[in-house]
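Worth saying up front: this structure is predicted, and the values here are computed from it rather than measured. What you see below is based on every heavy atom in this structure, not just the backbone, and it leaves out hydrogens, waters and symmetry mates.
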Amino acid sequence: CRLADAISEPKTSFELYAAAHDFIDWAQGAGDPVEIPTGLRDLDETLGGWHRGQFAILAGRPSMGKSACALASMLRTAGKGFGVLFFSLEMTQQQIVSRALADYAYTDPVMAYSDLKPGRVGETQVRRLLDAAEQFKGMPIEIETRNGLTAGDILARTRKSVEDFKARGQSLALVVVDHLLKVRPSSRYAGQPVKEIDEVSEAMCVMAKSLDVAVLGLHQLNRQVEGRDNQRPVLSDLRGSGSLEQDADVVLFAYRPAYQFERQLQEGDKAE
């Protein structure tokens, strides 16, 4: 059956006149203009944070910092008391923990997560890591690292998480999936990559609206972007399917001009 058919939908019809007055009352209120904080000030000012019922995409080429950006953002979202569920279909537990600790212990002198290895962490660094770990205490964030999850598995796990947070007197606000190409497609479209991505994209939209959560999906860009003189990403660079740009409410790109410039310099040195 279709994913949408498997979910008990909340009431979606409404009377426009009454809804318009409810909206005006809400807009005149003293609430925070940022619904779910991203942890990035400029992004919060531009988007108003993440929004329940919406599906956002963060895309980029490998090594552009998609996972690092998403992890830093969700930690700060959880740090503000908003429930977060993170599906890491690529990183291991150790990779996630090392990145999180390095992020929160990132002071002068710089401590990179790649340096967090046995025999390379001194007493001063350990104290900084312990201080960072204390900040995670009680943080409303759940992390799932099981591989091979289908869209249906992600939906079921998210639905359970909604109930778990509710039982603790909290609310699940943000679901992050890293990344969409790692979601195992159903057998329905086996061997049809474009339709497989369509299915995953639709599932993320349905989950956001039906469970009233914000969904952030990480995604890859086509390899062709690296063959252009101007490598700044555009919507058509999203890998796999045009449905992603249609389904997503927001599309963000991770792009590092300095990284591209450094590669160009290296290629120039080799040519000489």
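For the atom pair Gln192 CD and Asp198 CG, the distance stands at 10.0 Å (nearest 0.5 Å). Once rounded to the nearest 0.5 Å, the distance linking CG of Leu155 with CE of Met204 reads 8.5 Å. In this structure, CE in Met64 is found 13.0 Å from SG in Cys69, a value given to the nearest 0.5 Å. Note that CG of Leu221 is 10.0 Å distant from CZ of Arg239, once rounded to the nearest 0.5 Å. One finds the CD atom of Gln94 at 12.5 Å from the CE atom of Met91 (value rounded to the nearest 0.5 Å). A distance of 8.5 Å separates CZ of Phe136 from CD1 of Ile141, quoted to the nearest 0.5 Å.
No side-chain N or O of Gln93 forms a donor-acceptor pair with one of Thr145 less than 3.5 Å apart. Side-chain contact check for Glu199 and Ser186: at least one donor-acceptor pair (N or O, by modelled atom type) lies under 3.5 Å.
Within the 3.5 Å criterion, the main-chain N or O of Ile197 finds no donor-acceptor partner in the side chain of Ser201. A distance-only check finds a donor-acceptor pair linking the side chain of Gln95 to the backbone of Thr92 [under 3.5 Å]. No donor-acceptor pair under 3.5 Å is formed between the side chain of Asp237 and the backbone N or O of Asn222. Counting only distance, with no hydrogens or angles, the side chain of Lys182 and the backbone of Glu90 share no donor-acceptor pair below 3.5 Å. Looking at Arg52, its side chain never comes within 3.5 Å of a backbone N or O of Ala214 through a donor-acceptor pair.
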Test log, rule side-chain contact (heavy atoms from CB on, under 4.5 Å), inputs Leu149 and Val183:
CA-CA 6 Å; Leu149 295 177; Val183 178; 5.9 Å; no

Check the pair His51, Ile36 against side-chain contact (heavy atoms from CB on, under 4.5 Å), reporting the backbone distance first and the verdict last.
CA-CA 6 Å; His51 297 279; Ile36 302 170; over 6 Å; no

Ser171 vs Lys166, test: side-chain contact (heavy atoms from CB on, under 4.5 Å). Steps then yes/no.
CA-CA 6 Å; Ser171 175; Lys166 188 181 297 183; over 6 Å; no

Are Lys160 and Asp164 close enough, and set up right, to give a salt bridge (charged side-chain N to carboxylate O under 4.0 Å, His left out), and what steps lead you there?
CA-CA 6 Å; Lys160 181 179 183 302; Asp164 290 343; 2.9 Å; yes

Does Thr150 form a side chain to side chain donor-acceptor pair (under 3.5 Å) with Asp153? I'd like the steps, not just the answer.
CA-CA 5 Å; Thr150 65; Asp153 294 332; 3.1 Å; yes

Where do Val215 and Gln54 land on the side-chain contact (heavy atoms from CB on, under 4.5 Å) test, with the steps shown first?
CA-CA 6 Å; Val215 176; Gln54 292 191 2; over 6 Å; no

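In this structure, His179 and Leu218 approach most closely via the heavy-atom pair CB-O, 3.0 Å. Closest heavy-atom contact between Phe86 and Asp178: CE1-CB, 3.7 Å. Scanning all heavy atoms of the two residues, the minimum distance from His219 to Ile57 falls at CB-CG2, 4.0 Å. In plain terms, the two heavy atoms of Gln135 and Met139 that are nearest each other are O-CE, 3.4 Å. Nearest heavy atom pair, residue Leu75 against residue Ala100, reads CD1-CB, 3.8 Å. Taking both residues in full, the closest heavy atoms of Leu101 and Ala132 are given as O-CB, 4.0 Å, listed atom of the first, atom of the second, then distance.
Arg61 has its side chain out of reach of Lys66: every pair of non-hydrogen atoms, C-beta onward, lies at least 4.5 Å apart. With contacts defined as side-chain heavy-atom distances shorter than 4.5 Å, the pair Ser88/Glu144 does not qualify. Contact check for Leu174 versus Leu85: no side-chain heavy atoms found under the 4.5 Å cut-off. In this structure, the side chains of Glu142 and Arg157 come closer than 4.5 Å at one or more pairs of heavy atoms. The shortest side-chain heavy-atom distance between Phe87 and Arg146 does not fall under the 4.5 Å cut-off.
Taking the charged nitrogens against the carboxylate oxygens, Arg127 and Glu134 have no contact shorter than 4.0 Å, which rules out a salt bridge. Look at Glu196 and Arg184 and you find no salt bridge, because none of the NZ, NE, NH1 or NH2 atoms lies under 4.0 Å from a carboxylate O.
Pairs passing the side chain to side chain donor-acceptor pair (under 3.5 Å) check and including a residue from residues 70-87, sequence neighbours excluded, read Arg76-Asp103.
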Under 3.5 Å, sequence neighbours excluded: what are the donor-acceptor pairs made by side chains of residues 39-50?
from	atom 1	to	atom 2	distance (Å)
Asp44	OD1	Thr38	N	2.9
Asp44	OD1	Thr38	OG1	2.9
Thr46	OG1	Asp42	O	2.9

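No chain of hydrophobic side-chain contacts below 4.5 Å, direct or via other Ile, Leu, Val, Met, Phe, Trp or Tyr residues, connects Val234 to Leu244.
Tested against Leu180, the residues Leu238, Val200, Leu89 include a single side-chain contact (heavy atoms from CB on, under 4.5 Å) partner, Val200.
The ring pair (Phe, Tyr, Trp, His ring centres under 6.0 Å) search around Phe165 returns none, not counting sequence neighbours.
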